[in-house]
Amino acid sequence: MNRVLIIEDETATAEAVKEALALDDISADIASDGESGLEKLKSNNYDLILLDLKMPGLSGDEVLSEIRKQDPFIDVIIYTNYTEFADIKKLANIGIDGYINKGPKADLVELISAIKEKIAPLNDETISALLKDIPNAEE
């Protein structure tokens, strides 16, 4: 089962995302601030992190910098109301794998689709087709 870490200080938002992921058999843990998110990352394996930018304590960019020190390869999607281009560009330079606005027009289905695409970019049909092209070692 795939695992996602949601670092989000808005409890209702985090719970809604967690419940939506569960419908697609994706397990999620919630951290209500950056410090607890980094602690969870140290002691658990995750396939993806969903990160808010504006939280108490460490800011999202500080958390992202620490995430990259702990695991430079984990996918991180920024999920925030904050849309300042200069800050998003700075985050892209640190290393984000996606950005989704959680504002009033946010689409939970779009968010779950983006997470699923990052976790498993190849569907079963594509994987089967790729495997057919691999020579059999026994031949």
Side-chain angles (χ1 to χ4, degrees):
M1 176 180 270
N2 294 110
R3 293 186 70 195
V4 172
L5 175 59
I6 303 166
I7 305 176
E8 166 66 69
D9 63 323
E10 295 176 17
T11 305
T13 299
E15 288 295 335
V17 172
K18 180 177 180 173
E19 289 174 18
L21 288 169
L23 294 173
D24 281 306
D25 294 323
I26 300 171
S27 172
D29 293 334
I30 298 172
S32 61
D33 58 50
E35 292 89 355
S36 61
L38 292 171
E39 285 301 314
K40 285 183 183 287
L41 182 60
K42 284 180 186 175
S43 57
N44 296 286
N45 291 320
Y46 295 101
D47 299 297
L48 182 139
I49 297 174
L50 189 64
L51 177 62
D52 188 12
L53 291 182
K54 296 293 184 182
M55 298 177 291
L58 295 175
S59 67
D61 58 332
E62 291 171 317
V63 174
L64 179 60
S65 292
E66 290 301 316
I67 288 169
R68 288 294 171 230
K69 289 176 187 173
Q70 287 184 38
D71 187 343
F73 303 107
I74 192 166
D75 286 329
V76 178
I77 295 177
I78 300 298
Y79 186 56
T80 189
N81 288 323
Y82 196 64
T83 58
E84 286 294 320
F85 178 76
D87 292 326
I88 300 303
K89 185 176 176 183
K90 176 184 173 186
L91 293 170
N93 288 333
I94 297 172
I96 60 173
D97 301 287
Y99 169 86
I100 296 179
N101 190 312
K102 70 173 181 181
K105 295 181 181 180
D107 184 348
L108 189 57
V109 173
E110 175 189 346
L111 173 63
I112 301 306
S113 293
I115 290 171
K116 287 170 46 178
E117 178 66 28
K118 287 292 181 191
I119 290 174
L122 303 176
N123 61 30
D124 291 339
E125 185 178 303
T126 304
I127 291 170
S128 293
L130 290 171
L131 290 175
K132 286 180 185 177
D133 292 337
I134 298 174
N136 188 341
E138 295 174 4
E139 294 179 358

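Given the structure is predicted, the values throughout are model-derived calculations rather than measurements.
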Engineer: Might you point out which heavy atoms bring Y46 and D29 nearest each other, and give the distance in Å?
Structural biologist: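 Reported closest heavy-atom pair: OH-OD2, 2.6 Å.
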Engineer: Please evaluate residues V17 and L108 with respect to the criterion side-chain contact (heavy atoms from CB on, under 4.5 Å), reporting the C-alpha separation (whole Å), side-chain torsions for both, the decisive distance (0.1 Å), and the verdict.
Structural biologist: CA-CA 7 Å; V17 172; L108 189 57; 3.9 Å; yes
Engineer: List in chain and number order the residues that pass side-chain contact (heavy atoms from CB on, under 4.5 Å) with K69, two or more places apart in sequence or in another chain; answer none if no residue qualifies.
Structural biologist: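 Only E66 meet the side-chain contact (heavy atoms from CB on, under 4.5 Å) criterion with K69.
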Engineer: I7 vs L41, test: side-chain contact (heavy atoms from CB on, under 4.5 Å). Steps then yes/no.
Structural biologist: CA-CA 10 Å; I7 305 176; L41 182 60; over 6 Å; no
Engineer: Nearest 0.5 Å, what's the CD1-CG distance between I67 and L64?
Structural biologist: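 Taking CD1 in I67 and CG in L64, the distance rounds to 6.0 Å.
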Engineer: With sequence neighbours left out, what residues match S27 under side-chain contact (heavy atoms from CB on, under 4.5 Å)?
Structural biologist: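 Testing S27 for side-chain contact (heavy atoms from CB on, under 4.5 Å), a comparison that skips the adjacent residues, returns M1, R3.
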Engineer: Spell out, as yes or no, whether a donor-acceptor pair under 3.5 Å connects the side chain of R68 to the backbone of V63.
Structural biologist: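 Flag not set: sc R68 to bb V63 has no pair under 3.5 Å.
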Engineer: Side-chain contact, heavy-atom cut-off 4.5 Å: D47 with I26?
Structural biologist: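 SC-SC contact between D47 and I26 ruled out.
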Engineer: Rounded at 0.5 Å granularity, tell me how far NZ in K40 sits from CG in N45.
Structural biologist: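 Those atoms lie 14.0 Å apart.
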Engineer: Evaluate side-chain contact (heavy atoms from CB on, under 4.5 Å) for I30 paired with E15, printing each intermediate quantity in order.
Structural biologist: CA-CA 8 Å; I30 298 172; E15 288 295 335; 3.4 Å; yes
Engineer: Closer than 3.5 angstrom, by distance alone: can the side chain of E10 be matched with the main-chain N or O of A12 as a donor-acceptor pair?
Structural biologist: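 Checking the backbone N and O of A12 against the side chain of E10, no donor-acceptor pair under 3.5 Å is found.
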Engineer: Could you grab the distance from atom NZ of K18 to atom CG of L5, nearest 0.5 Å is fine?
Structural biologist: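 One finds 11.0 Å between NZ of K18 and CG of L5.
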Engineer: To the nearest 0.5 Å, tell me how far K54 NZ sits from S59 OG.
Structural biologist: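 It is 7.5 Å, given to the nearest 0.5 Å.
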Engineer: Indicate yes or no: at least one non-hydrogen side-chain atom of I6 is less than 4.5 angstrom from one of Y79.
Structural biologist: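 A side-chain contact under 4.5 Å is absent here.
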Engineer: Please report the interatomic distance CD1(I77) to NZ(K118), rounded to the nearest 0.5 Å.
Structural biologist: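 Result: 6.5 Å between the selected atoms.
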Engineer: With the side chain counted from C-beta on, respond yes when Q70 and L38 share a heavy-atom pair under 4.5 Å apart, and no when they do not.
Structural biologist: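 Yes, side chains in contact.
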Engineer: Please confirm whether the backbone N or O of E35 pairs with a side-chain atom of D33, one donor and one acceptor, at under 3.5 Å?
Structural biologist: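 Judged by distance alone, yes, a pair lies under 3.5 Å.
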Engineer: Just checking N44: does its CG atom have more than 12 heavy atoms from other residues, nucleotides or ligands closer to it than 6.0 angstrom?
Structural biologist: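 Yes - once you tally the heavy atoms of other residues, nucleotides and ligands closer than 6.0 Å, there are more than 12.
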Engineer: For L48 and L50, which heavy atoms make the closest approach, and how far apart are they?
Structural biologist: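 So the minimum-distance heavy-atom pair works out to CD2-N, 4.0 Å.
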Engineer: Identify the two heavy atoms, one from L58 and one from G34, that lie closest to each other, and give their separation to 0.1 Å.
Structural biologist: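 For L58 and G34, the tightest heavy-atom pair comes out as CD1-C, 4.3 Å.
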Engineer: Consider side chain to side chain contact (heavy atoms under 4.5 Å, CB included). Of V4, D75, D71, I74, which one does I49 pass it with?
Structural biologist: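 Going through the options one by one, the only one that passes is I74.
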